[in-house]
Amino acid sequence: MMKSVKSIALQLCMVGLVLLCITGVGASQVKAAINPGNEIKYNIKSDIFLEPKILSVFSATKKDDVKIYYYDTANKDFLGADYNHRLRVYKGSNKIDITYKKRFSNTPLDEALTITKDHGFTGNESNYKFEMDIKDGNHTFAISRKESLKETSKVSFDAVDTNAAKKLILENVPNKIQNWNSEDWYNNTLDQAEVYGPAKAITYKGNYAGYEADIEVWNYQGDVMIELSAKEGDASKAAAIEKLWHDKLEAEGYLSDDQRGKTAFVMEK
């Protein structure tokens, strides 16, 4: 009798372990789903929005003075392969940021997610950002990772040495980005890269039409671009913000005819 009870108990235990494993796998798969956030962006008219108007219209507060540099070859090989390397250095701070981005231009989201998973991403990568860039009616999936570092004697707000910056980019590049095509291709392309920039930017925090907003005023080679943006995790809410902002900006006469992205603003010069 005792043997029978032990046998039943063992069987129940095994069933429990199997169920736990199945449940665990299911939970892991749910957790591992890649659910991109959304960033809605519009360029607004730079001739209208001098600082006093930015502060009043968006109830904004000034945040940072920044210089922004991009690194690519003369033929823009990284850009052509949908890579983006951006260095930001901040005035009055010893902080610098290097952002690595892989975009999926003209690629449907489901296809982009399949490619992303084929390159080893699961959605569990807390140090990467998965996001839809929404601008001028275009919805582009992108993977990015930001490395926050301390300035050095050769990479600071006052001056950035190109070779020193490229060295920092290589030293901190995520493996999944470096190996996306091949490590050799990435390293050789970076070795040939030159600097684009710097653009000078002033950033603000505010709100527009009931939603938190970021405002960035970029100056580069005599031109000015001002971008208004908002982040929203839910795709349906993001679509609502996209339409609301477009209609309101257009009705108020604030919407710029130039809806280029910030990267193009600098690298297409």
Side-chain angles (χ1 to χ4, degrees), residues 36-70 72 76 79 82-88 90 97 99 101 103-107 129 131-142 144 146 196-232 235 237-269:
N38 304 275
E39 186 169 14
I40 306 98
K41 306 173 183 178
Y42 284 106
N43 291 343
I44 56 178
K45 292 180 177 177
S46 58
D47 57 336
I48 293 176
F49 282 97
L50 302 179
E51 183 169 78
K53 195 168 185 72
I54 291 173
L55 298 178
S56 62
V57 169
F58 303 113
S59 301
T61 55
K62 186 175 176 180
K63 189 181 175 190
D64 291 307
D65 285 325
V66 194
K67 289 181 183 176
I68 305 101
Y69 302 76
Y70 293 90
D72 205 338
K76 302 175 185 174
L79 193 63
D82 274 337
Y83 288 79
N84 182 312
H85 300 92
R86 184 182 68 208
L87 169 69
R88 285 190 174 215
Y90 297 82
D97 289 334
T99 300
K101 181 177 280 192
R103 303 176 78 249
F104 294 81
S105 300
N106 305 311
T107 306
K129 181 171 67 175
E131 195 164 67
M132 296 297 295
D133 285 336
I134 302 171
K135 193 165 194 178
D136 197 26
N138 297 312
H139 293 60
T140 304
F141 177 67
S144 66
K146 183 170 73 174
Y196 292 80
K200 296 179 181 179
I202 301 175
T203 68
Y204 302 82
K205 282 282 187 184
N207 62 77
Y208 185 60
Y211 294 94
E212 289 187 2
D214 291 301
I215 305 98
E216 295 197 2
V217 181
W218 283 45
N219 288 267
Y220 186 56
Q221 294 185 359
D223 288 338
V224 180
M225 173 181 282
I226 306 179
E227 184 183 80
L228 174 72
S229 66
K231 293 182 183 292
E232 172 54 57
K237 290 181 181 177
I241 296 171
E242 181 185 12
K243 184 176 188 324
L244 173 66
W245 276 18
H246 177 274
D247 292 349
K248 188 172 175 59
L249 288 169
E250 192 169 55
E252 293 175 330
Y254 294 161
L255 195 64
S256 173
D257 292 332
D258 179 5
Q259 291 296 322
R260 282 179 298 169
K262 298 189 292 291
T263 303
F265 176 66
V266 175
M267 294 190 65
E268 287 181 357
K269 284 284 189 182

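In this text the structure is predicted, and so the values were computed from the model without any measurement. Throughout, numbering of the chain's residues begins at 1 and tracks the sequence.
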Can [X] and [Y] be counted as an ion pair, charged N to O under 4.0 angstrom?
X: Asp133; Y: Lys101; answer: yes
X: Glu216; Y: Arg88; answer: yes
X: Lys45; Y: Asp47; answer: no

Would Tyr42 and Tyr254 count as a close aromatic pair, with their ring centres under 6.0 Å? no
Which heavy atom of [X] sits nearest to which heavy atom of [Y], and what is that distance?
X: Phe265; Y: Asp223; answer: CZ-O, 3.5 Å
X: Ala199; Y: Trp218; answer: CB-CE3, 3.7 Å
X: Ile134; Y: Ala238; answer: CD1-CB, 4.5 Å
X: Glu242; Y: Gly137; answer: OE2-CA, 4.2 Å

First locate atom [atom1] of [X], then atom [atom2] of [Y], and finally report the distance between them rounded to the nearest 0.5 Å.
X: Glu131; Y: Glu39; atom1: CD; atom2: CD; answer: 5.0 Å
X: Gln221; Y: Asn219; atom1: CD; atom2: CG; answer: 11.5 Å
X: Arg86; Y: Lys146; atom1: CZ; atom2: NZ; answer: 8.0 Å
X: Gln259; Y: Met225; atom1: CD; atom2: CE; answer: 8.0 Å
X: Thr61; Y: Lys205; atom1: OG1; atom2: NZ; answer: 9.0 Å
X: Lys231; Y: Ile40; atom1: NZ; atom2: CD1; answer: 9.5 Å

Side chains of [X] and [Y]: does their closest heavy-atom pair fall under 4.5 Å?
X: Val217; Y: Ile54; result: yes
X: Leu249; Y: Leu228; result: yes
X: Phe58; Y: Ile44; result: yes
X: Ile215; Y: Ile226; result: yes
X: Phe141; Y: Thr107; result: no
X: Tyr69; Y: Val266; result: no
X: Glu51; Y: Tyr204; result: yes
X: Asn43; Y: Lys135; result: yes

Checking [X] side chain against [Y] main chain: does a donor-acceptor pair fall under 3.5 Å?
X: Thr203; Y: Asp64; result: yes
X: Asp136; Y: Asn138; result: no
X: Asp214; Y: Ser229; result: no
X: Lys76; Y: Met267; result: yes

Is it the case that the side chains of Tyr83 and Asp72 hold a donor-acceptor pair, with the cut-off being a distance below 3.5 Å and no angle test? no
Report the residue from Arg260, Lys262, Lys41 that forms a side chain to side chain donor-acceptor pair (under 3.5 Å) with Glu227.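 In the set Arg260, Lys262, Lys41, the residue that makes a side chain to side chain donor-acceptor pair (under 3.5 Å) with Glu227 is Lys262.
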Stepwise side chain to side chain contact (heavy atoms under 4.5 Å, CB included) check, Ile241 with Asn38: CA-CA 11 Å; Ile241 296 171; Asn38 304 275; over 6 Å; no
Around Lys269, counting heavy atoms of other residues, nucleotides and ligands shown, do more than 12 lie under 6.0 Å from its NZ? yes
Atom CD of residue position Glu252 - does it have more than 12 heavy atoms of other residues, nucleotides or ligands inside 6.0 Å? yes
Which class fits the ring pair Tyr208 and Trp245: parallel under 30°, tilted 30 to 60°, perpendicular over 60°? perpendicular
